[in-house]
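As structure tokens, the structure follows; a few thoughts come after it.
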2 protein chains.
Amino acid sequence: MTKGRHAELVHQLERQIITGELKPGSRLDEMALAKQFNVSRTPVREALMQLNASGLIQLRPRRGAVVAKIDLKAMLEMFEVMSELEGMCGRLAAKRASDNELEKLKNVHSKSQIAVDTHDLELYYELNVELHETIYLACRNDFLVQQTTTLRNRLAAYRRGQLLSGNRINQSYAEHGKIIEAITNRDEKLANELLRSHIMMQSGTFNDFIATLPKDLLE
Amino acid sequence: MTKGRHAELVHQLERQIITGELKPGSRLDEMALAKQFNVSRTPVREALMQLNASGLIQLRPRRGAVVAKIDLKAMLEMFEVMSELEGMCGRLAAKRASDNELEKLKNVHSKSQIAVDTHDLELYYELNVELHETIYLACRNDFLVQQTTTLRNRLAAYRRGQLLSGNRINQSYAEHGKIIEAITNRDEKLANELLRSHIMMQSGTFNDFIATLPKDLLE
DNA sequence: TCAACTAATATTGTATACAAAAATAGATAT
DNA sequence: ATATCTATTTTTGTATACAATATTAGTTGA
């Protein structure tokens, strides 16, 4: 713990919020957290300040902190921005990906084929993450990747419900194929468009997505 | 000060950094700030934590806080993302602007014509801000606007040098005209492209921009 | 039984105190 | 004169103490 207690707290709380261990709306009691992590309230509060600024929690004056609840309007707006950012990753990847990276995209996609055939949802999920992270690397813009990741994390709690159903996997796989093709062909516009709609559609239609949201997650 | 001392501190320091009163690299002494604002170190530190999370300052463990210095690579990346976000604002404005908003865009642009003719840089700057803010409103995505504004603010200190020269004003005015036309025609793709390159070009070419940067602002 | 007021309790926000690490200055040696 | 080591001083990070506000519980009255 050479980098300070509050930094560690930020990290831990972030993780708990992103993984859903702490659900939107949960109260974050300073005393409780202090006891839990064996520190005083001071570093706890400093951690909460940072999480507040990054949007993961909401800090209401004199009324304590809660894990951020996102209302429907804000959520749609955030999805809109995230899909644009992911599209941008695709566009830049089409422009800048190395041959190595193109090769890796193909390889991961091939493995996905197996996961699809064997209906291995777990494996497909992992390969899906790997594919998107390869695109992140290929876009050569660390700031963009960081912004995209931050936003993904803020929305993570709300995307938990949308598990990949069998049908959606087939569609996802097909979309991946076209995305990789566009990137390989250095077709920036197409890669942009395909990735943008891929992200938007990852949760099926918005209507489906909204329907699957537990009501208590909406404020 | 019913919303807490630290909130006020965040606001004040943000302002000082954005306006350039506090320059990148300036050290932020906790004691000094505490004295300056007549508070203890506690709310000062809490404010610094938030500014750190938002990227305006950098907090090195055990070595204090400084106004964020952005290296060239990160700056280029941030400009790339900002222009994409502004382009997105244009795209959404083309899709969603009300007739009122279209009317306002035309009006502001007309006034700009006068500023160009009379070489009134001050007036042109103000109208430029008004035009872009009208587009922000028209895109109907508060989250997007907030993200864009935050990024603008982070880059503000580095855009100070690039004043609008006479020649650039003419070009800017012409670009505005095409952007408004695209939005009015509901041409999303064109509005996107035009605004994206408009932002990228706002600082002349990147070479010019980099050349005008004081060396001490780069880390 | 329920509503409204009041007292007790708990929680947040700020100030102060103290421990640990870094920066600074001074002394010594080459 | 310069460099290096040591002692002093600052400055950061955390804990604790206290004041102000919000929450809760209990009581009274209808």
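Every chain is numbered from 1, with letters handed out A, B, ... down the list of sequences.
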Self-check item: Pro43(B), nearest nucleotide to its side chain (from dG13(D), dA15(C), dA15(D))
Solution: dA15(C)
Quiz item: Given atom NZ of Lys35(B) and atom C1' of dT10(D), what is their separation to the nearest angstrom?
Solution: 13 Å
Quiz item: His11(B) and His6(B): ring pair (Phe, Tyr, Trp, His ring centres under 6.0 Å), yes or no, with the steps?
Solution: CA-CA 9 Å; His11(B) 196 68; His6(B) 60 255; over 10 Å; no
Quiz prompt | Nucleotide dA15(D), atom C1' - distance to CD of Glu30(A) in whole Å | solution = 14 Å
Quiz item: Side chain of Glu8(A), backbone of Arg5(A): donor and acceptor closer than 3.5 Å?
Solution: no
Practice problem: Nearest whole angstrom, please: distance from the C1' of dG13(C) to the CG of Leu48(A). | Solution: 13 Å
Practice problem: State whether the side chain of Ser172(A) and the backbone N or O of Arg168(A) hold a donor-acceptor pair below 3.5 Å, judged by distance alone. | Solution: no
Exercise. Mind checking side chain to side chain donor-acceptor pair (under 3.5 Å) for Gln50(B) and listing every partner two or more places apart, or none if nothing turns up?
Key: Asn52(A)
Quiz prompt | Asn52(B) CG to dG13(D) C1', straight-line distance once rounded to whole Å | solution = 15 Å
Quiz item: How long is the line joining CZ of Arg41(B) and P of dA17(C), in whole Å?
Solution: 13 Å
Quiz item: Would you say Asn141(B)'s side chain and Glu77(A)'s backbone share a donor-acceptor pair under 3.5 angstrom?
Solution: yes
Quiz item: Does Arg63(A) have a side-chain nitrogen or oxygen under 4.0 Å from the phosphate oxygens OP1 or OP2 of dT23(D)?
Solution: yes
Exercise. Record whether the side chain of Arg62(A) comes under 3.5 Å of the base of dT12(C) through a donor-acceptor pair of N or O atoms.
Key: yes
Quiz prompt | Phosphate OP1/OP2 of dG13(D) contacted by His6(A) side-chain N/O (<4.0 Å) | solution = no
Quiz item: To the nearest angstrom, how far is Arg5(B) atom CZ from dT16(C) atom C1'?
Solution: 16 Å
Quiz prompt | Arg27(B) or Asn38(A), whichever maps to the more 5' nucleotide of DNA chain D | solution = Arg27(B)
Exercise. Starting at atom CZ of Arg45(B), determine the distance to atom C1' of dA17(C), rounded to an integer number of angstrom.
Key: 15 Å
Exercise. Please determine if a side-chain N or O atom of Thr42(A) lies less than 4.0 Å away from the OP1 or OP2 oxygen of dT14(D).
Key: no
Quiz prompt | Atom-pair distance (CE on Met31(A); C1' on dT12(C)), nearest Å | solution = 9 Å
